[in-house]
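Just below is one structure, and these are the notes that go with it.
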Amino acid sequence: MTEVSSLTGRLLVATPALADPNFDRAVVLLLDHDEQGSLGVVLNRPTPVGVGDILLPWAALAGDPGVVFQGGPVALDSALGIAVIPGEEGPVGWRRVYGAIGLVDLEAPPELLSGALGSLRIFAGYSGWGPGQLEDELGDGAWYVVESEPGDISFPAPEQLWRAVLRRQRSELAMVATYPDDPSLN
């Protein structure tokens with residue numbers, strides 16, 4: 001495994017210094033990262049759109065809050081399903097990305113996966129970086145890279161995920177979780 005591909009399955013946590021409003025306090029799960037570029041989904045951007053409004057067959061399997069999440073600024077008219085499937089083998093219609101986390105084929109009948117799903121989130125769009133672009137952002141200090149946990153996919157309070165991921169770190173990153181939303185008010 002090359003150093004470049006080693007980030008698949010990890011989380012990118014936006015630093016307070018990241019100026020891009022698309023990623024303000026974002027937590028991005030990297031689904032693919034290699035010399036061709038990177039692709040991930042923002043885990044903490046729920047939308048007001050219910051899963052049943054766009055993918056009715058999957059609505060009953062989607063975890064709380066049962067809404068579509070904005071996976072990023074790219075291809076907002078596309079949908080990705082991310083699910084946690086415990087165990088060694090996954091069902092037809094699911095492809096392992098990292099550990100128990102994998103991609104759901106949203107064209108497959110939901111019944112194929114219903115008995116195996118531990119949690120499911122639907123994302124509109126994704127976050128993407130061209131070759132070397134993410135490495136440049138990492139070099140500029142825009143992101144913290146940390147280990148993901150299967151529960152990150154279905155975190156019950158998405159608006160608190162940024163702080164929760166930072167808080168669980170065993171380093172100075174835990175202190176960043178206390179960074180104020182607006183430092184000028186300090």
Check your understanding: Any sub-3.5 Å donor-acceptor pair from Asp136's side-chain atoms to Gln133's backbone N or O?
Key -> no

Check your understanding: Any chain of hydrophobic side-chain contacts (each under 4.5 Å) joining Val41 to Val13?
Key -> yes

Exercise for review: Give, for atom CD1 of Ile101 and atom CD of Glu149, the distance between the pair rounded to the nearest 0.5 Å.
Suggested key: 9.5 Å

Review point. If you take all heavy atoms of Tyr144 and Pro16, which pair is closest and at what distance?
Key: OH-CD, 3.7 Å

**Study point:** Flag side-chain contact, heavy atom, 4.5 Å: Pro46 against Val67
**Key:** yes

Review point. When clusters are formed by joining ILVMFWY residues with side-chain heavy atoms under 4.5 Å apart, either directly or through shared neighbours, do Leu173 and Trp162 land in the same one?
Key: yes

Practice item. Using a 4.5 Å cut-off on heavy atoms from C-beta on, say whether the side chain of Asp105 contacts that of Leu112. Key: no

Check your understanding: Would you say Val145 and Leu18 are hydrophobically clustered, going by side-chain heavy atoms of ILVMFWY under 4.5 Å?
Key -> yes

Review point. How long is the gap from CD1 on Ile54 to CG on Leu106, to the nearest 0.5 Å?
Key: 9.0 Å

Practice item. Anything under 30° is parallel, anything over 60° is perpendicular, the rest tilted; go ahead and classify Trp129 against Trp143. Key: perpendicular

Review point. Any link between Leu29 and Phe123 through a network of hydrophobic side chains (Ile, Leu, Val, Met, Phe, Trp, Tyr) touching at under 4.5 Å?
Key: yes

Review point. Where is the tightest heavy-atom contact between Gly90 and Arg96, given as atom of each residue plus distance?
Key: N-NH2, 4.2 Å

Exercise for review: Kindly give the heavy-atom pair with the smallest separation between Asn22 and Asp20, and that separation in Å.
Suggested key: N-OD1, 2.8 Å

Point to revise | Criterion side chain to side chain contact (heavy atoms under 4.5 Å, CB included) on Tyr98 and Glu147, from CA distance to verdict | key: CA-CA 11 Å; Tyr98 181 82; Glu147 295 297 323; 3.3 Å; yes

**Study point:** Where Gly128 and Val74 come nearest, the two heavy atoms and their spacing
**Key:** N-CG2, 4.1 Å

Review point. Is the shortest heavy-atom distance from the side chain of Val28 to the side chain of Phe23 under 4.5 Å?
Key: yes

Practice item. Return yes if some donor-acceptor pair links the side-chain N/O of Ser148 with the main-chain N/O of Leu11 below 3.5 Å, else return no. Key: no

Check your understanding: Would a 4.5 Å heavy-atom cut-off, applied to side chains only, mark Leu43 and Ile153 as touching?
Key -> yes

Check your understanding: Is the closest side-chain heavy-atom distance between Trp58 and Val104 below 4.5 Å?
Key -> yes

Practice item. Side-chain contact test, heavy atoms from C-beta onward, threshold under 4.5 Å: evaluate it for Arg25 versus Arg163 and give yes or no. Key: yes

Practice item. Heavy atoms only: give me the nearest Leu117-Ala83 pair and the separation to one decimal. Key: CD2-CB, 3.3 Å

**Study point:** Straight-line distance of Leu161 CG to Arg167 CZ, nearest 0.5 Å
**Key:** 11.0 Å

Exercise for review: Could you tell me whether the side chain of Asp140 and the main chain of Ala142 form a donor-acceptor pair under 3.5 Å?
Suggested key: no

Review point. Could you go step by step and tell me if Leu12 and Leu134 meet the side chain to side chain contact (heavy atoms under 4.5 Å, CB included) rule?
Key: CA-CA 10 Å; Leu12 298 177; Leu134 179 57; 3.7 Å; yes

Review point. CG of Asn44 to CG of Asp152: how many Å apart, nearest 0.5 Å?
Key: 10.0 Å

Check your understanding: Of all heavy-atom pairs between Ala62 and Val51, which one has the smallest distance, and what is that distance?
Key -> CB-CG2, 3.8 Å

Point to revise | Co-membership, hydrophobic cluster, residues Phe155 and Leu80, 4.5 Å side-chain | key: yes

**Study point:** Note, Thr8 side chain near Leu31 side chain (heavy atom, < 4.5 Å)
**Key:** no

**Study point:** Verdict with reasoning, Arg10 to His33, per side chain to side chain contact (heavy atoms under 4.5 Å, CB included)
**Key:** CA-CA 10 Å; Arg10 311 238 353 241; His33 180 249; over 6 Å; no

Review point. Between Asp24 and Arg45, does a side chain to side chain contact (heavy atoms under 4.5 Å, CB included) hold up when you go through it step by step?
Key: CA-CA 10 Å; Asp24 182 45; Arg45 294 281 191 275; 4.2 Å; yes

Point to revise | Pairwise side-chain contact, Gln70 with Ser127, heavy-atom cut-off 4.5 Å (strictly under) | key: no

Study note, to complete from the structure: Interatomic distance, OG@Ser114 vs CG@Leu120, rounded to 0.5 Å, equals 11.5 Å

